[in-house]
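Please read the structure below before turning to the comments.
In what follows, every chain begins at residue 1, and chains take the letters A, B, ... in the order their sequences are listed.
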Amino acid sequence: EAQVTQNPRYLITVTGKKLTVTCSQNMNHEYMSWYRQDPGLGLRQIYYSMNVEVTDKGDVPEGYKVSRKEKRNFPLILESPSPNQTSLYFCASSPLTDTQYFGPGTRLTVL
Amino acid sequence: DAKTTQPPSMDCAEGRAANLPCNHSTISGNEYVYWYRQIHSQGPQYIIHGLKNNETNEMASLIITEDRKSSTLILPHATLRDTAVYYCIVSSLSNSGYALNFGKGTSLLVTP
C-alpha cells in the first residue's frame, strides 16, 4: 500500500531533550516536506527536500533540522526542543509537479 | 498570507450537493488550484486540482471560472464522512519549492 508513515505518532518530552521524528514513504517520490499545524495558524511548512541531499527552509525552520540521505526517509530533528514547538506535525511527499500525500501526523508536547 | 479566500464555515444536508467557493483573484498563469481536506487532525487528503478547465474525479468536481479568479468545489452527494475542513490552495512548482499555503479553509458540517 502506497503510504507516508511517521513515528512516533504521539510524543511527550521535556525542554532540551533532543528528539527525532521519522518520516518514510514507499512511493519513490522526489519531494518531501514537513509541516506543523497550530490552532489559528493553519499548516506551515518547516523544511522541504526536492531530492536526496537537497533540502531547504520553509516558512518556519527555526529550531528544526532535517536530512535526506535516502530518497524514502526525511527525518525531522529537534536538537533542543522548547515548549513553543508543541504542535501537530505532518510529513508529506510527492513526485515533482504532482499532488502531495500526507502522513498521519505526530502530536508533540514539549514540557 | 494565503492567496485564497474561503468562507469560514458551511452546512450541508446529507445527500445534497455541497458547493464550496474559493476566491483567488491574484492567481498567476502557471498556478494550479488545489483542493485538500482534513478530517479532525488527520493528515490532509488531496481531493482534486485544475489549471483552467473544469475537472471531475471520483470524489468531487472542480469548476474554475473563465478568468480563473474563483472556483467551486462540488461534492455531489455529501455524506456525514465528508464533514471536514476544506482547503483551497493555489500553487506552482518553482525553484523555491512546492509549498502548499493552506490558509484557514472552510469547515464543512454535513448534517443528517
Side-chain angles (χ1 to χ4, degrees), chain A residues 2-7 9-10 21 23-25 27 29-51 54-61 66 68 74 87-109, chain B residues 1-9 22 24 28-52 55-60 62 71 73 84-108:
Chain A
Q3 60 183 350
V4 178
T5 57
Q6 295 178 225
N7 282 293
R9 295 289 314 281
Y10 302 90
V21 184
C23 173
S24 183
Q25 51 96 2
M27 296 169 279
H29 287 165
E30 290 84 2
Y31 182 91
M32 297 186 75
S33 178
W34 276 102
Y35 294 82
R36 62 177 287 175
Q37 185 172 31
D38 303 289
L41 296 176
L43 283 102
R44 294 177 292 169
Q45 191 183 53
I46 304 171
Y47 268 96
Y48 64 92
S49 169
M50 303 286 274
N51 214 324
V54 180
T55 64
D56 211 342
K57 297 176 181 179
D59 296 323
V60 288
V66 292
R68 188 89 182 276
F74 190 45
S87 187
L88 180 58
Y89 292 86
F90 291 104
C91 179
S93 75
S94 80
L96 292 176
T97 73
D98 209 335
T99 61
Q100 293 192 25
Y101 298 84
F102 285 80
T106 295
R107 189 169 292 279
L108 172 66
T109 301
Chain B
D1 290 337
K3 298 167 75 171
T4 62
T5 304
Q6 299 177 252
S9 63
C22 179
H24 32 79
S28 58
N30 65 343
E31 287 183 315
Y32 286 76
V33 179
Y34 287 83
W35 283 83
Y36 284 76
R37 72 181 183 183
Q38 187 176 24
I39 299 171
H40 188 57
S41 296
Q42 296 179 21
Q45 177 190 21
Y46 165 79
I47 302 173
I48 198 167
H49 75 284
L51 184 64
K52 293 181 184 177
E55 302 288 344
T56 296
N57 63 20
E58 64 279 3
M59 289 182 70
L62 174 60
S71 60
L73 177 75
V85 178
Y86 287 77
Y87 297 96
C88 169
I89 301 162
V90 295
S91 181
S92 67
L93 183 64
S94 69
N95 291 333
S96 62
Y98 181 21
L100 296 177
N101 187 340
F102 277 80
K104 292 192 162 90
T106 295
S107 179
L108 175 68

Proximity breakdown for A:Gln6 and chain B, heavy-atom pairs closer than 4.5 Å: neither

Near-ring test A:Phe90/B:Tyr36, centroid separation under 6.0 angstrom: no

Closest heavy-atom pair and its distance - B:Pro44, A:Leu43: CG-CD2, 4.1 Å

Interface moiety of B:Tyr32 toward chain A, non-hydrogen atoms closer than 4.5 Å: neither

Can you tell which part of B:Gln45 gets under 4.5 Å to a heavy atom of chain A, answering side chain, backbone, both or neither? neither

How many angstroms lie between atom CG of A:Leu41 and atom NZ of B:Lys104, to the nearest 0.5 angstrom? 7.5 Å

By a 4.5 Å heavy-atom criterion (distance strictly below it), what part of A:Arg107 contacts chain B: side chain, backbone, both, or neither? side chain

